[in-house]
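Just so you know, ligand 1 is whichever comes first in the structure, and atom 1 is the first atom listed for that ligand.
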Amino acid sequence: MSRNGMDSEKVRAALRVYFIAGSQDCLQNPVDVLKQALAGGITMFQFREKGKAARTGEQKLELAKELQALCQSYGVPFIVNDDLELALALDADGVHVGQEDELASVVRERMGPDKILGVSAHTAQEARQAMADGADYIGVGPIFPTQSKADAKEVKGPEGIIEFRQSGIQLPIVGIGGITLDNAHLVMQAGADGVSVISAITHATSIEESAKRFSHITSGNGIL
Ligand SMILES: Cc1ncsc1CCOP(=O)(O)O
Ligand SMILES: C=C1C=NC(C)=NC1=N
Ligand SMILES: [Mg+2]
């Protein structure tokens, strides 16, 4: 079932190097982090301001506006994690929700057909439900152990993505969790359309170089 709205090939292309960050993930000013990541060629950005050090209220809104403007100057989609009201207030390009967040069907209803809706899915059933709710892609993970999400579920390995594809899930999939320059190729070979990365970019010696290398690794035609 193909959804009328965001073209799925455009979504697949946007998922290739899907950078996620909030100020809690950054060792320097988040604006400078995103500038370098964009220069390195990330294909989509998710603003995920979460945890005890996260900004809130006006501070969070101002930071989001600055990061959104940067993405717009590069023509890179700007996605908001969890916070539907913030996404609507900013007219963001989309929202990503987990199973415990706002219902995906409600988010789709509130955003309209042309915004990007991402849903975290841990089983093929959750993936099928997400598709029925109008999701454009699913986030599957953690693929490898991660330090960036306190309540991450059990590690799946790249097999987790193979299983989704074997159960007939054709929706665009982005792998997430502990993905580095050394293991990203395994995620692509398992059938993901892209990799979602926090610390391998935010903690990199060169943020721009790291983003550039992820872009190179994920641009293969999937055969190599
Ligand atoms: C948000 C999220 N969801 C599953 S793992 C994770 C964190 C990924 O961060 P990192 O790329 O640093 O492992
Ligand atoms: C938990 C998540 C899973 N997948 C993606 C793409 N983003 C998230 N915040
Ligand atoms: Mg969430």
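Of the listed options Ser120, Gly98, Ser196, Ser120 places a heavy atom closest to atom 1 (C) of ligand 2.
Considering backbone and side-chain N/O of Gln46, one or more are found under 3.5 Å from N/O of ligand 2.
Within the 4.0 Å heavy-atom cutoff, Gly118 does not count among the residues contacting ligand 2.
Of all N/O/S atoms in Asp101, OD2 sits nearest the Mg ion (ligand 3). Closest approach between the Mg ion (ligand 3) and any N/O/S atom of Asp82 involves OD1.
In terms of modelled atom types and a separation under 3.5 Å, the side chain of Arg108 and the main chain of Lys115 share a donor-acceptor contact. In this structure a side-chain-to-backbone donor-acceptor pair under 3.5 Å is present from Ser196 to Tyr18. Within the 3.5 Å criterion, the main-chain N or O of Leu117 finds a donor-acceptor partner in the side chain of Asp136. With hydrogens and angles ignored, the 3.5 Å screen pairs a side-chain donor or acceptor of Thr43 with a backbone N or O of Val17. Formation of a donor-acceptor pair under 3.5 Å by the Ser215 side chain with backbone atoms of Ala211 is not found in this model.
Contacts between Val140 and ligand 2, counted as non-hydrogen atom pairs separated by less than 4.0 Å, are absent for every part of the residue.
Aromatic rings of Phe19 and Phe214 (six-membered ring for Trp) have centroids beyond the 6.0 Å cut-off, not under it.
Near Gly139, meaning under 4.0 Å from one of its heavy atoms, ligand 2 places the atoms 4 (N). Residue-ligand proximity, Asn81 to ligand 2, at heavy-atom distances under 4.0 Å covers atoms 9 (N). Applying the 4.0 Å criterion to heavy atoms of Val174 picks out, from ligand 2, the atoms 6 (C).
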Could you walk me through whether Gln36 and Gln28 satisfy the side chain to side chain donor-acceptor pair (under 3.5 Å) test, starting with their C-alpha distance in whole Å, then the side-chain angles of each, then the deciding distance to 0.1 Å, before giving a yes or no? CA-CA 11 Å; Gln36 295 163 65; Gln28 57 188 285; 3.1 Å; yes
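Contact shell of ligand 1 (protein heavy atoms, cutoff 4.0 Å): Arg48, Thr146, Ser148, Lys149, Ile176, Gly177, Gly178, Val197, Ile198, Ser199.
Under the 3.5 Å distance criterion, with hydrogens and angles disregarded, no donor-acceptor pair is assigned to the side chains of Gln99 and Ser120.
Other residues, nucleotides and ligands place more than 12 heavy atoms under 6.0 Å from the NE2 atom of His203.
Between Ile179 and Val187 the shortest side-chain heavy-atom distance falls below 4.5 Å.
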